[in-house]
Amino acid sequence: MACLYCGDGTYLKNPDEVSRKLCAMVNKLKPDVVMCGPCFNYLNYGKMAARIAYDINQNTSSKAIAAMSDDNQETINEYKDKLCIIKTPKKGGIGLNESLEGMCVLAKALYQEKEIEEFKEKILFLGCCLASFLLGGKKMWGIIATWRMAVEGISEASHILQEKGDAGDAIETAIKAVEDFPYYKSVGYGGLPNEEMEVELDAAYMDGNTLSIGAVAAIKDFANPVSIARRLSKEKVNNILVGEGAEKFAHKEGFERKNMLTDRAKIHYRNRVKEVREQEIKPYAGHDTVGMVCLDQQGKMTSATSTSGLFMKKKGRVGDSPIAGSGFYVDSSVGGASATGLGEDLMKGCISYEIVRLMAEGMHPQAACEKAVNQLDHRLKERRGHAGDLSLIAMNNKGEWGVATNIEGFSFAVATENQEPIVYLTKNKDGKCIHEVASQEWLDHYMKTRMAPLEEK
Ligand code: ASP
């Protein structure tokens, strides 16, 4: 951000508090320059502008400048040795209607050599009162992800986003955290194997600015499939690679090799083989994809997924997660969505694309998710008698988010400029999805069961 403008509106009411709040805000946003100026012809406002600018210079690393007209002579005399004071062209102030003009004059004064025109776009005008400063001054960022397992990853990502980092780096960091954690048994290391006891992984990455896509499917023995997918998104062609081809590419590009089959996953496998034999349990039960959508402060959006797919799947089976439009989709001019559930059914609705399409028509992400999930659920039941699990998360380019599911207790995690990383549980009640913050008890139980010792049956 090139500069912030703090107007006058609320200075007079409680100057100490306003000054404190502004300094805290400036410390957080770290603008290069803060301009403090009055809009109207009131002497006190010039005085307050000077005082606030002075405080900002003392307490933050940003440079603050006060702006006022000649009729604040007393203030000008008092502060002229302590502060850079710019005289506004209008008698009395920048002037509400001439704010931009005033700002340009200030900018010109600040960057003397340059032309005013050059600065019109770089200056973020934040209105003339503290309220609009507080509300409008923040650059939104956000990240939303399927399942509780994503929360540590999105916490890491939120630090990157807060510091104006890139949505690609943030989402890759977040997904890698899930891939690396051995106790999450449906993603990356420790993921559950296929029918032949091999861990075959699917992952994807999409850049919402360029619409570039990269994906790998049924890849074995690499630590971070999402990073390989991101790397593939930079290629002009050959963006989706499967099996041996994906492994060759990853090897050539120097990605870390790793045996992804853990002892714990082997026990799960052997137990499942016995259960299937003895109780006719569906082999596919037990699967969760981590899917995310991310918005950075520059307005760039990304989406990514990573999964070991369905437990006991056939060798070579590819789910929705590496398929653009089904497992994920993002367009920075609108927003993005990502899916988890039964890939074979999610694909029947191209559901991530459908949600982005609905958002592009003006729908809030929550309404878009509910509409897309309810409609696909209904259509599948009508045509096929049943619908698999369908759970979707979405975020638009304003950082607003939505989630919908057709199962009980789908968990997801979200963090934004306005919200610390948090886990919610959601359920679908007559087509409306209700989100509740996960209780500490639920969170503790979740981790305990994930990490509990596992016995071979
Ligand atoms: N959608 C994934 C797949 O079908 C699995 C999941 O998200 O639970 O491979």
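Computed from a predicted structure; not experimentally measured. First listed ligand is number 1; within each ligand, the first listed atom is number 1.
For ligand 1, one of its N or O atoms has an N or O atom of Gly343 under 3.5 Å away. For Thr307, no nitrogen or oxygen atom sits less than 3.5 Å from a nitrogen or oxygen atom of ligand 1, counting backbone and side chain alike.
Near Asp320, the atoms of ligand 1 lying under 4.0 angstrom from a non-hydrogen atom of the residue are 1 (N), 2 (C), 3 (C), 4 (O). Atoms of ligand 1 found under 4.0 Å from any heavy atom of Thr340, numbered from 1 in the order shown, are 6 (C), 7 (O), 8 (O).
A salt bridge links Glu354 with Arg357: the closest approach of a Lys/Arg side-chain nitrogen to an acidic carboxylate oxygen falls below 4.0 angstrom. The residues Glu344 and Lys348 are annotated as not salt-bridged, no charged nitrogen and carboxylate oxygen being separated by less than 4.0 angstrom. Classification of Arg272 and Glu275 as a salt-bridged pair holds, one side-chain N sitting under 4.0 Å from a carboxylate O. Using a 4.0 Å cut-off between a side-chain N of Lys or Arg and a carboxylate O of Asp or Glu, Asp288 and Arg450 do not qualify as a salt bridge.
For atom 8 (O) of ligand 1, the nearest protein heavy atom (residue, atom name, distance) is His287 ND1, 2.5 Å. Nearest protein neighbour of atom 9 (O) of ligand 1, counting heavy atoms only, is Arg317 NH1, 2.7 Å. For atom 2 (C) of ligand 1, the closest non-hydrogen atom on the protein side is Thr289 OG1, 3.2 Å.
Counting only distance, with no hydrogens or angles, the side chain of Ser308 and the backbone of Val199 share no donor-acceptor pair below 3.5 Å.
When only modelled atom types and interatomic distance are considered, Ser321 and Thr305 share no side-chain donor-acceptor pair under 3.5 Å.
Of the listed options Gly341, Ser391, Gly319, Ser326, Gly341 places a heavy atom closest to atom 5 (C) of ligand 1.
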